[in-house]
Amino acid sequence: MIDNMVAFNIPFVSIFMLMIAAIITPLLPRKKRIPEKLSCLVIFIVAILSAYLLYALTSSGQDISFNFPMGHFPAPWGNELRAGPLEAVLSLVFCVAMLLSLTGNFSSTAEDIPASRRQIFSVLVNLLTASLLALTYTNDLFTAYVFIEINTIAACAIVAVKEGPATTRAALRYLIMSLVGSGLVMIAICLLYDLTGHLLMQNMHGAIQVLMITREYAMPLTVSLGLVTTGLAIKSALYPFAAWLPDAHGTSTNASSAILSGLVLKGHVFTIIKIFYRVFGLEVIHALRMDTVIFILGVAAMIMGSVHALKQNNIKRMIAWSSVAQIGYIFLGVGLNTVAGIAAACLHIIVHACVKPMLFTAAGGLSNAAGHKKELHALMGTFYVNRWAGMGLIAGACSMMGIPAFAGFASKLSLTLASFDNKFIVWALAALATSSVLNALYYVPAVIVILTHNKNNPPKPAPVTKLYKFSMFVFLMINFYLGLFCVPLLRLITRGVNVL
Amino acid sequence: MNDELKSIWLKFFNWVMGNGPRPENEVLPPEPPPDLPFTQKPHDKFSRFHEATLKERYNQWLEIHGLHIFSILYSALSILTCLVIVVLLLATVAELPPFGHERNPANNEVIRRYVEHGWHETGAQNIVAGLILDYRAFDTFGESSVLFTAAVSVLMILGNSRSSKKYKFKQLHVYRNDDTILRGVAVMAIPVILMMGCVVVINGHLSAGGGFAGGAILSTALILCANAYGFESVRRFFNERIFIVSSSTALMIYALSKGYSFFTGANQLHSIIPKGVVGNILSAGLILPLNICVGLIVAGTLYGFYALFSEGDI
Amino acid sequence: MLENLLLNHYEAAAVILSGIGLTNLLLQRNLIKKIIGLNIMDTAVYLFLAAKGYVAGRAAPILIEKAGGGWLTSSSIYVNPVPAGLVLTGIVVSVSVTAFSLALTLRLYEHYGTLNIDEALLKMTQEQEELEAKIEDAEEEVLA
């Protein structure tokens, strides 16, 4: 429990503030981009609240977590939210990344989307943030399902917010794959409810422990675990189910790409982690062999995502495929099935949530400098036109390759360390090495291209807004902070996983 | 022997890699007309002069038969997937707790509390209404938000396509001014439907029904009105602006009142909302106003979907 | 196993239907058929939940008035109310998702004149190639 009453109410207040902002946005005037500014403001406030929650939970030196009953009825009867250090730090990161994705692409959003759609875009962004926070904080599997659905519709809608047949088609593909996923999750939740009689995570956990001891319902338990994992894996674009991702992330407007790649996938990954850790428990996951499956799929995603990225000529599609590889890293950590592995996976969630929006924002700035062309050869020499975007791309590329002092290094290092006490260590290390080399194979040419002077057809100087420069500066600072000072963060996450 | 082997190997090599020698019995393709420029020479598919490589032939074959093979493979895959999923789930179902048995895991202390204490804890005679709007109200709030999300998304995708010339929206809905039967029935049916919808919404905490069911009934009255008297007549009292304002306001009231209830509940403060006497219309605390809000949202949204899909505008 | 299946025949029918719906959603090429598959799957899940809520010989979970006033509140009288709540949520989610996907389908059909998602891809790549060819021609003209 927690004594600090302000911090106690923060999970509830942040979700409700975002929801109320989403509900009120359609009534606001459209001029002067008021709706978008309101979303940015609310997300900023929620970020500050989350930071305060994190401070309140960790300042005493003990590992605190608390449950927040939604209503007058305690645990098994009503809905519940739950907050610990891990949830607080994730919601802080989600809010900061969302805010920077919005501010960094503030001008490109205005170019891509007409004003009437921008209003609905900010409604959807608020709903998306609220659903991400709800997925982070929820302690109830059915609440998770409802917010997964909000997340799905809002995510597909922010792909389709940019008009045109390509985005419509991409959004449809994304929606259909997501619906397959949520259908599987729904069936799995029904099965689990039938087996345990609960929807609340810790009560389900208790019932499943009893079932494992009595060896009752082994088959339904395995099937429901398989279904829920598959469903969420489809939504988080684990490799064999990732075919929808490059279309959706590659065609949409830059802000949407940044939000989708950086945040939406992570919400589902964290839900998987919660289900593994809080509903089933690591021993049960190991007994049902799900850790091996996840590990193998993670390794496959790390390799195949990079191989696909190598084939791309469009920079946004290349970055999108690289997301598939990075999701593989996270699942590799989850598949290790230890506290250290899950902590490393959470660190990679944070790193990727900060780096991928930066890459998409940088790619947007560079393609803007190249006259809205997204082919790699068209970007030649754009570094010298938009240096902030160029630096963002270079820093992001270094981070993805795992060069020391950049953010990606920290998470790769912790994944390596986490795999040391695991029987799969050889495979994990081989996959990490191969994937890093493959990352370098497609990020280095992109960096070289933008750094090469284009003498024949130099890109025309385009104005770079102060907001863009500021957002990129913050992105770069976060990147270096994560790369250089990751140890306290990792310790914090480990504490959070321990009380998860 | 060695030479024969070599020639066979050569043939095979040419078959795979292409560019073999010209066979004697080769049927040459017709010469291209000389006036065509060199670059536009048609691709000779059936020429054996330059034996095509295996890859080229494979691609040709794929071009002709690929779609067919693909569709066959696809349907085979579909049936296989379907069978695997169904068999797996059937095997699961066979092990599930027996149907309708009272000792199943789901009939536990949670259900007992809902049934035995729900009436005085929530004030609702309908246990399901008390469950979804009081015990598990956060889920239901999320559910209304799903509907709101879908409504704004559909409005964004389809909205304003009647007035804008960008979309070649086909006006399939032909409004007839002289449909006496439809209008006569509508005059009689619409008040009844409206009253029925209101009853279902308002009695949500006493009997089966509630905001979602009642809202759906209310929306059918609007749809009938639009069909009988044209969308223009509905637009006089229910247009896009009113749709947005009513949905947002209703959901806002829902969020604020439920937020108050969540806040007082979690902080163990006294809530000022009276529970009332079970069985009365004015009872069950927040459930009645919440049902009315949900009914408004659902009615507006369902009619909005209908209008957007058939007319491209609300 | 067969005896259990016969005992759980509602659930068995529900999972067969949901398997059919899932396969349609995943593997049909026509978007409308895909969306119908989604609806079959969702409806099957409601059947499953309704079957799970049923307890033999009990009444619907709406309190029954006693003869002399007051309410019958013994938990052995009513069926499980939780699945009813879950089904309600499921229905609303399904309506929302269906409307949204139909809206996207309508836009796609307007542009390509097809409901097949692969044909739409084919037409999209053709259009792109034509566009690129046009751009190249224009560049060549400028160079010339």
Side-chain angles (χ1 to χ4, degrees), chain A residues 5 8-9 12-13 16 19-20 22-27 68-73 76-79 81 116-117 120-121 123-124 127 130-131 134 138 140 142-143 146-147 149-150 153-154 156-157 160-161 163 168 187 191 193-199 203 207 217-220 222-224 226, chain B residues 88-89 91-97 104-111 113-114 117-118 121-122 131 134-143 145-146 148-150 152-157 159-160 166 244-245 247-252 254-256 258-259 261-268 271:
Chain A
M5 286 321 283
F8 176 67
N9 282 302
F12 156 74
V13 170
F16 261 70
M19 282 305 227
I20 286 172
I23 294 164
I24 211 168
T25 305
L27 304 176
F68 183 91
M70 293 298 264
H72 293 265
F73 309 103
W77 292 283
N79 290 122
L81 298 180
S116 61
R117 287 189 162 217
I120 292 177
F121 176 67
V123 177
L124 296 170
L127 283 167
S131 68
T138 184
D140 187 296
F142 200 71
T143 312
V146 172
F147 281 91
E149 290 289 356
I150 296 183
I153 299 181
C156 294
V161 76
E163 282 180 287
T168 309
I187 296 173
L191 285 174
Y193 174 70
D194 190 31
L195 297 176
T196 60
H198 287 283
L199 289 165
N203 297 60
Y217 305 132
M219 169 88 182
T222 319
V223 169
S224 54
Chain B
L88 203 65
L89 285 175
T92 313
V93 163
E95 283 192 29
L96 283 184
N104 283 350
N107 299 327
N108 53 8
E109 73 278 4
V110 183
I111 310 305
R113 167 134 174 197
Y114 288 155
H117 303 285
E121 281 179 349
T122 66
L131 167 68
D134 208 337
Y135 286 108
R136 302 180 60 85
F138 190 44
D139 285 354
T140 315
F141 175 57
E143 168 191 353
S145 309
V146 174
F148 176 73
T149 317
V152 293
S153 310
V154 173
L155 190 67
M156 177 189 82
I157 292 166
N160 296 323
K166 212 188 304 177
I244 289 175
V245 170
S247 299
S248 292
T249 317
L251 197 56
M252 181 63 83
Y254 190 146
L256 290 178
K258 221 49 232 185
S261 153
F262 290 156
F263 184 78
T264 52
N267 294 297
Q268 289 163 348
S271 168

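In what follows, chains carry the letters A, B, and so on, assigned in the order in which the sequence lines appear, proteins first and then strands, with residues in each chain numbered from 1. Values reported hereafter were calculated over all heavy atoms of this structure, with side chains retained and with hydrogens, waters and symmetry mates removed.
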Need one label for B:Phe263: side chain, backbone, both or neither, based on atoms under 4.5 Å from any heavy atom in chain A.
both
Could you give the distance from OG (B:Ser247) to CD1 (A:Ile23), rounded to the nearest 0.5 Å?
10.5 Å
Option that, when pairs with chain A are counted at under 4.5 Å, heavy atom only, ranks first among B:Asp134, B:Val245, B:Leu88, B:Val93:
B:Asp134
Can you say whether A:Met19 sits under 4.5 Å from chain B via the side chain, the backbone, both, or neither, judging by heavy atoms?
side chain
The interface call for A:Ala218 against chain B, heavy-atom contacts under 4.5 Å, is backbone
Side chain, backbone, both or neither: which part of A:Ile120 has a heavy atom under 4.5 Å from chain B?
side chain
Part of B:Leu89 within contact of chain A (heavy atom distance under 4.5 Å)
side chain
With a 4.5 angstrom heavy-atom cut-off, could you sort out which part of A:Thr196 is near chain B: side chain, backbone, both or neither?
backbone
Mind listing the closest non-hydrogen atom pair of B:Ser261 and A:His72 along with its distance?
O-NE2, 3.6 Å
Heavy-atom pairs under 4.5 Å with chain B - which of A:Gly78, A:Pro220, A:Ala22 has more of them than the others?
A:Pro220
Can you name the residues that form a side-chain contact (heavy atoms from CB on, under 4.5 Å) with A:Asp194, not counting sequence neighbours?
B:Leu96, B:Pro97, C:Lys52
Where is the tightest heavy-atom contact between A:Phe68 and B:Ala266, given as atom of each residue plus distance?
CZ-CB, 3.2 Å
Mind ranking A:Leu195, A:Val123, A:Thr168 by heavy-atom pairs under 4.5 Å with chain B and telling me who comes out on top?
A:Leu195
For the residue pair A:Pro26 and B:Ile244, what are the closest heavy atoms and their distance?
CB-CG2, 3.4 Å
At what distance, to the nearest 0.5 angstrom, does OG1 of A:Thr222 lie from CD of B:Glu95?
8.5 Å
Is the closest side-chain heavy-atom distance between B:Phe138 and A:Pro69 below 4.5 Å?
no
Segment of A:Tyr217 engaging chain B (4.5 angstrom heavy-atom cut-off)
both
With a 4.5 angstrom heavy-atom cut-off, which part of B:Asp139 approaches chain A: side chain, backbone, both or neither?
both
Heavy-atom pairs under 4.5 Å with chain A, option from B:Leu155, B:Leu131, B:Val146 with the top count:
B:Val146
Please flag which part of A:Phe16 lies under 4.5 Å from any non-hydrogen atom of chain B: side chain, backbone, both or neither.
side chain
Between B:Thr264 and chain A, with a heavy-atom cut-off of 4.5 Å, which part of the residue counts as in contact: side chain, backbone, both or neither?
both
Quick one: are A:Trp77 and B:Arg136 in side-chain contact, heavy atoms under 4.5 Å?
no
With a 4.5 angstrom heavy-atom cut-off, could you sort out which part of A:Leu127 is near chain B: side chain, backbone, both or neither?
side chain
If the condition is side-chain contact (heavy atoms from CB on, under 4.5 Å), which residues does B:Ser153 pass it with, not counting sequence neighbours?
A:Leu124, A:Ile153, A:Ala157, B:Thr149, C:Phe100
Chain A heavy atoms under 4.5 Å from B:Ala137: which part of the residue, side chain, backbone, both or neither?
backbone
Would you mind checking which part of A:Val161 comes under 4.5 Å of any heavy atom in chain B, side chain (CB onward), backbone (N, CA, C, O), both or neither?
both
Hey, what's the ring geometry for B:Tyr135 with A:Phe73, parallel, tilted or perpendicular (30° and 60° as the breaks)?
tilted
Which atoms of A:Ile24 come close to chain B, meaning under 4.5 Å heavy atom to heavy atom: side chain ones, backbone ones, both, or neither?
both
What are the two closest heavy atoms between B:Ile157 and A:Ala160, and how far apart are they?
CD1-CB, 4.5 Å
With heavy-atom distances below 4.5 Å as the criterion, would you say the side chains of B:Glu109 and A:His198 are in contact?
yes
Heavy-atom closest contact (A:Ile20 atom, B:Ala255 atom, distance):
CG1-CB, 4.1 Å
So A:Phe12 and B:Phe262, would you call those rings parallel, tilted or perpendicular, with 30° and 60° as cut-offs?
perpendicular
